[in-house]
Amino acid sequence: MQKQGKDYIVFPLDFSCVKDAKKYVKLLDGKVGMFKIGLELFIDQGPSIVQMVKKESRVKIFLDLKLHDISVTVQRAMERVATLGVDFVTVHCSSSAMLEKAVKGGKGKTNVLGVTLLTDNDTNAVKAAGFKEKFVKAPHLLVMHRAKMAYESGCKGVICSGREVQQIKKRFGKSFLAVTPGIRPSWTLLENDDQKRVTTPGQAVSLGSDLIVIGRPIRDADDPAVATQKVIQEVEAALSLA
Ligand code: C5P
């Protein structure tokens with residue numbers, strides 16, 4: 001079946017309590033392609049939150065744990081994750097050994113997405129973290145370096161900003177997924193926005209993003225369902241799916 005506009009949308013359940021998360025799961029079930037469970041909710045609720053989302057909806061689940069530890073610990077954590085029945089988990093691309101063990105621990109049941117460079121990191125953040133001058137001058141080179149590690153370690157894809165998607169697709173092929181956060185539709189006005197390397201939904205999918213993570217523009221809209229529909233229309237128009 002052809003991928004529809006809604007299938008591109010990952011809605012993060014960035015809530016501190018299960019009541020709010022449930023409300024949005026019910027509201028957006030069938031209107032988005034995936035729900036993302038992040039640290040806030042997972043720490044508060046534990047694995048039972050995954051069961052809640054599965055019970056209340058039919059959409060895929062992306063567990064955004066952003067794992068980063070010694071490889072053996074990551075593998076053991078991934079073996080636990082593989083029992084939860086989630087489709088994707090994130091692991092930081094900081095060492096090939098860690099990524100390989102993460103993939104191994106996922107046992108083919110849970111796909112690993114490598115986190116390249118967080119979209120609230122700009123060149124100043126790269127410099128402050130002590131990276132080489134070439135990465136400070138061109139953070140996309142760091143993204144590509146890390147994407148290569150993820151690709152060679154057997155990850156299903158990477159998290160990257162819309163600005164790097166084209167290059168990632170060109171270098172690693174269509175089936176290596178590019179998942180893009182930092183999505184800001186032109187109609188969104190967020191005060192003091194922390195996201196730096198941003199793209200609109202239309203730009204991201206036109207550049208080749210397979211999935212777009214879009215939270216606050218939907219969550220904080222006057223009508224989240226209407227905002228979701230606007231994003232779907234923009235995606236479909238950009239891809240001429242409508
Ligand atoms: O659209 P909004 O900025 O609200 O999206 C925030 C969500 O995107 C959070 O769940 C955050 O963890 C996720 N995110 C991510 N990777 C990034 C930046 C944000 O997964 N590089």
Side-chain angles (χ1 to χ4, degrees), residues 8-17 20-21 24-25 28 31-45 49-50 53 59-68 86-94 111-126 129 139-140 142-144 146-147 150 155-165 168 177-205 207 209-221 224 227-228 230-232 234-235:
Y8 286 81
I9 303 176
V10 179
F11 180 74
L13 296 168
D14 290 333
F15 300 103
S16 57
C17 73
D20 288 342
Y24 276 79
V25 168
L28 300 179
K31 298 186 176 72
V32 297
M34 217 176 283
F35 286 119
K36 180 168 91 69
I37 299 170
L39 290 174
E40 184 181 9
L41 201 54
F42 196 74
I43 289 169
D44 189 62
Q45 293 293 310
I49 190 68
V50 174
V53 177
V59 306
K60 291 185 176 175
I61 302 180
F62 171 172
L63 190 55
D64 191 13
L65 296 181
K66 293 194 174 75
L67 299 174
H68 186 183
V86 297
D87 301 275
F88 294 101
V89 169
T90 42
V91 178
H92 278 283
C93 292
S94 53
N111 293 303
V112 175
L113 295 172
V115 178
T116 55
L117 181 64
L118 297 169
T119 45
D120 64 354
N121 278 206
D122 55 9
T123 181
N124 293 330
V126 175
H140 73 274
L142 181 57
V143 174
M144 292 307 291
R146 291 180 159 185
C155 294
K156 187 76 181 164
V158 283
I159 314 290
C160 61
S161 92
R163 300 178 189 186
E164 296 103 25
V165 171
I168 284 171
L177 301 181
V179 181
T180 307
I183 300 293
R184 293 292 178 262
S186 56
W187 41 266
T188 317
L189 270 182
L190 294 179
E191 271 179 40
N192 303 321
D193 201 351
D194 53 334
Q195 299 282 18
K196 302 223 164 64
R197 293 174 302 122
V198 300
T199 37
T200 67
Q203 281 167 344
V205 296
L207 291 165
S209 290
D210 299 284
L211 294 165
I212 55 173
V213 179
I214 174 162
R216 283 164 287 184
I218 290 177
R219 188 194 68 189
D220 299 342
T228 307
K230 276 168 87 171
V231 176
I232 292 173
E234 184 174 333
V235 166

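The structure displayed is predicted, hence computed values, not measured ones. Indexing begins at 1, ligand by ligand and atom by atom, following the structure's order.
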Would you say Thr90's side chain and Leu65's backbone share a donor-acceptor pair under 3.5 angstrom?
yes
Identify, by atom number and element, the atoms of ligand 1 in contact range of [X], meaning under 4.0 Å from any of its heavy atoms.
X      : value
Val213 : 8 (O)
Arg184 : 1 (O), 2 (P), 3 (O)
Arg216 : 1 (O), 2 (P), 3 (O), 4 (O)
Pro181 : 14 (N), 15 (C), 16 (N), 17 (C), 18 (C), 19 (C), 21 (N)

Would Pro217 count as a contact of ligand 1 if the rule is a heavy atom under 4.0 Å away?
yes
Of all the heavy atoms in Arg219, does at least one lie under 4.0 Å from an atom in ligand 1?
no
Applying side chain to side chain donor-acceptor pair (under 3.5 Å), can you list everything that pairs with Asp210, at least two apart in sequence or on another chain?
Lys169
Are any of the N/O atoms in Gly215 less than 3.5 Å from those in ligand 1?
yes
Suppose we screen for ring-ring contact (aromatic ring centres under 6.0 Å, His included). Which residues come up paired with Tyr24, at least two apart in sequence or across chains?
Phe11, Phe15
Show your working on side chain to side chain contact (heavy atoms under 4.5 Å, CB included) between Val143 and Ile168 and close with a plain yes or no.
CA-CA 9 Å; Val143 174; Ile168 284 171; 4.1 Å; yes
Applying a 4.0 Å heavy-atom criterion (strictly less than), which segment of Asp14 is in contact with ligand 1: side chain, backbone, both, or neither?
side chain
Per-residue contact class, Asp64 against ligand 1 - non-hydrogen pairs under 4.0 Å:
side chain
Interatomic distance, Gln203 atom CD to Ser209 atom OG [nearest 0.5 angstrom]
10.5 Å
Hey, which of Val10, Thr200, Val231 is the one that makes side chain to side chain contact (heavy atoms under 4.5 Å, CB included) with Ile212?
Val231
Step by step, would you call Glu234 with Trp187 a side chain to side chain contact (heavy atoms under 4.5 Å, CB included)?
CA-CA 11 Å; Glu234 184 174 333; Trp187 41 266; 4.3 Å; yes
